[in-house]
Amino acid sequence: MTKIYCARWVLPITDGPIRDGAVAVEGTRIAGVGPRAEVSERFPSAEVEELGEAALLPGFVNCHTHLELTAMRGFLEPEEGDFFAWLRKVTASRNERMSSEDLYVSAAWGAVEAARAGVTCVGDASDSGAPVMRALRDAGLRGVVYQEAFGPDATVAAGQFDKAREKIERLRSGETPLVTLGLSPHSPYTVAPALLEMLTRFAVDERLPLMMHAAESEAEQALLTEGGGIFAAAYALRGFAFDAPHTTPVRHLASVGVLDARPLLAHCVRVDGEDIRLLKEHGAGVAHCPKSNAKLGHGRAPLAAMLEAGALVGLGSDSVASNNVCDLLEESRFALLASRAAGETVAGGRALDANDALRLLTHGGASAMNMRHATGSLEEGLEADLVAVRLDAAHQTPAYDPAAALVFSSSGRDVLLTVVAGREVFRDGRVTTLDEEDLRARLLDAARRLAGAA
Ligand SMILES: [Zn+2]
């Protein structure tokens with residue numbers, strides 16, 4: 001059966017905006033995109049849904065998040081400003097106070113929030129693995145769950161590697177066409193170079209997409225470039241020395257072969273011209289997480305320079321523990337405003353604009369995740385991942401230009417409809433795939449346990 005969605009504006013992203021446009025969906029795929037009259041004529045027996053004063057565009061791609069930490073929204077404010085204490089509290093709270101079921105509920109609530117905000121595809125870095133895959137399957141979202149691996153002590157690299165490999169082998173059976181597995185050596189400062197090499201080779205052999213946090217904090221930079229700082233001190237207390245490469249995080253990843261695997265790198269705040277050149281040359285993806293970086297005081301990635309160099313850049317909310325929302329429209333607005341506040345420009349002295357932001361949200365994210373074969377634009381033959389955003393609310397009226405109205409005036413709360421592979425996962429104000437009321441109660445229970453009140 002064919003269904004046609006019509007709206008005042010259709011924004012295919014790889015093509016110009018279409019006034020009074022339509023998108024036809026057949027099964028899991030997009031069967032046609034164009035002016036309403038044309039699409040209706042091509043599919044005369046299709047069911048037609050009129051979305052009115054709204055924009056239809058490709059589903060938003062959230063390249064970097066940690067859905068299992070959704071229960072920690074607002075939980076870590078006291079630790080902000082001390083990244084080391086922040087990381088320690090995240091890890092300890094997750095490991096000691098959250099059961100596997102809590103992690104599922106937390107991830108499922110994160111998936112509810114994402115679907116409500118028009119996110120159709122997520123790049124999730126997960127320590128728990130199975131609960132997050134289950135949450136994405138239940139919510140009906142598309143995603144890659146990058147299983148995390150840690151191990152700064154090179155003397156135990158072989159054992160850590162075996163653990164990671166076993167975890168991946170166990171999780172393989174949970175893959176579906178929409179939810180697949182990846183591998184995430186956590187970061188250059190928490191994974192010894194020897195272990196990083198082993199994990200990278202494994203990912204390449206197993207055709208697992210690779211994701212890492214990289215060039216995020218000053219502390220990371222101090223450890224990698226000088227072998228000093230807070231992480232070096234902490235590792236010394238644990239009785240081992242980190243094998244520092246004495247170069248930037250990105251150059252380090254190039255030299256151990258990570259960049260050859262076309263990884264997705266979250267953050268890339270501390271990158272210079274040579275680092276950006278390396279990212280572009282290797283076709284590595286960047287998950288730009290401007291709100292998380294700002295909130296944790298890590299600084300701001302050179303967005304315009306990365307785009308100008310032709311790097312593949314998408315947006316990530318990071319976990320809601322450091323954001324505190326998964327709202328990609330808001331993320332794109334923040335990315336743009338922060339870029340302009342810094343006075344960045346691209347060719348010809350042009351500041352980034354709303355069309356650049358919409359591209360980051362969709363095509364850019366899909367490219368960074370290496371998923372352009374499936375999603376990132378409205379084009380015939382691609383998977384039917386789409387979102388409709390209303391444009392007639394008080395805070396959006398008048399809307400002269402749909403791109404500007406979306407990026408500068410709208411938020412995830414204006415989303416009317418979210419469709420993943422042809423399936424409506426959010427419509428009429430409700431997530432259709434999960435019992436939101438039941439999940440809310442269970443999430444609040446988990447939050448009480450996290451806070452130590454139960
Ligand atoms: Zn992260």
Side-chain angles (χ1 to χ4, degrees), residues 61-76 79-80 82-95 98 103 106-107 110-111 113-114 119 121-129 132 136 143-150 152 182-191 196 199 209-221 231 249-250 253 258 263-271 284-301 313-328 331 334-335 365 368-369:
V61 179
N62 187 358
C63 290
H64 181 58
T65 182
H66 304 263
L67 292 176
E68 67 191 4
L69 302 182
T70 302
M72 292 190 201
R73 189 194 317 272
F75 180 58
L76 296 130
E79 281 70 29
E80 280 169 5
D82 181 348
F83 189 45
F84 191 74
W86 189 94
L87 278 174
R88 204 168 41 199
K89 183 167 172 185
V90 168
T91 312
S93 305
R94 177 179 59 197
N95 297 349
M98 293 180 80
L103 291 164
S106 187
E113 183 185 8
V119 172
C121 177
V122 297
D124 187 89
S126 150
D127 188 50
S128 67
V132 180
L136 288 177
V144 180
V145 177
Y146 302 96
Q147 179 60 50
E148 287 188 320
F150 298 83
L183 181 64
S184 174
H186 174 261
S187 71
Y189 62 94
T190 49
V191 178
L196 190 49
L199 292 168
L210 203 65
M211 179 263 143
M212 286 186 80
H213 296 85
E216 180 181 10
S217 67
E218 205 176 337
E220 170 185 352
Q221 194 163 8
F231 288 112
V250 170
L253 298 185
V258 171
L264 170 66
L265 302 179
H267 305 305
C268 294
V269 171
R270 287 150 209 281
V271 289
V286 175
H288 179 44
C289 306
K291 283 186 65 197
S292 170
N293 296 151
K295 189 156 192 272
L296 295 179
H298 290 323
R300 196 187 64 85
V313 185
L315 290 174
S317 62
D318 210 346
S319 81
V320 298
S322 62
N323 189 310
N324 294 357
V325 290
C326 160
D327 181 339
L328 270 263
E331 200 75 38
F334 188 88
M369 287 183 68

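If you're wondering where the values come from, they're calculated on a predicted model, not measured in any experiment. Order of appearance sets the numbers: ligands from 1, and atoms from 1 within every ligand.
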| Ala321 and Leu76: which non-hydrogen atoms are nearest, and at how many Å? | CB-CD1, 3.5 Å
| task | Specify the closest pair of heavy atoms between Val325 and Ser317, including all atoms of both residues, with the distance to one decimal. | result | O-CB, 3.9 Å
| query | At the Zn ion (ligand 1), what angle lies between atom NE2 of His66 and atom NE2 of His213, rounded to 10 degrees? | reply | 100°
| Is there an N/O/S atom in His64 at a distance below 2.8 Å from the Zn ion (ligand 1)? | yes
| Backbone N or O of Asp127 within a donor-acceptor pair of the Gln147 side chain at under 3.5 Å? | yes
| Name, closest N/O/S atom of Asp318 to the Zn ion (ligand 1) | OD1
| task | Any chance you could measure Asn293, atom CG, to Asn323, atom CG, to the nearest 0.5 Å? | result | 10.0 Å
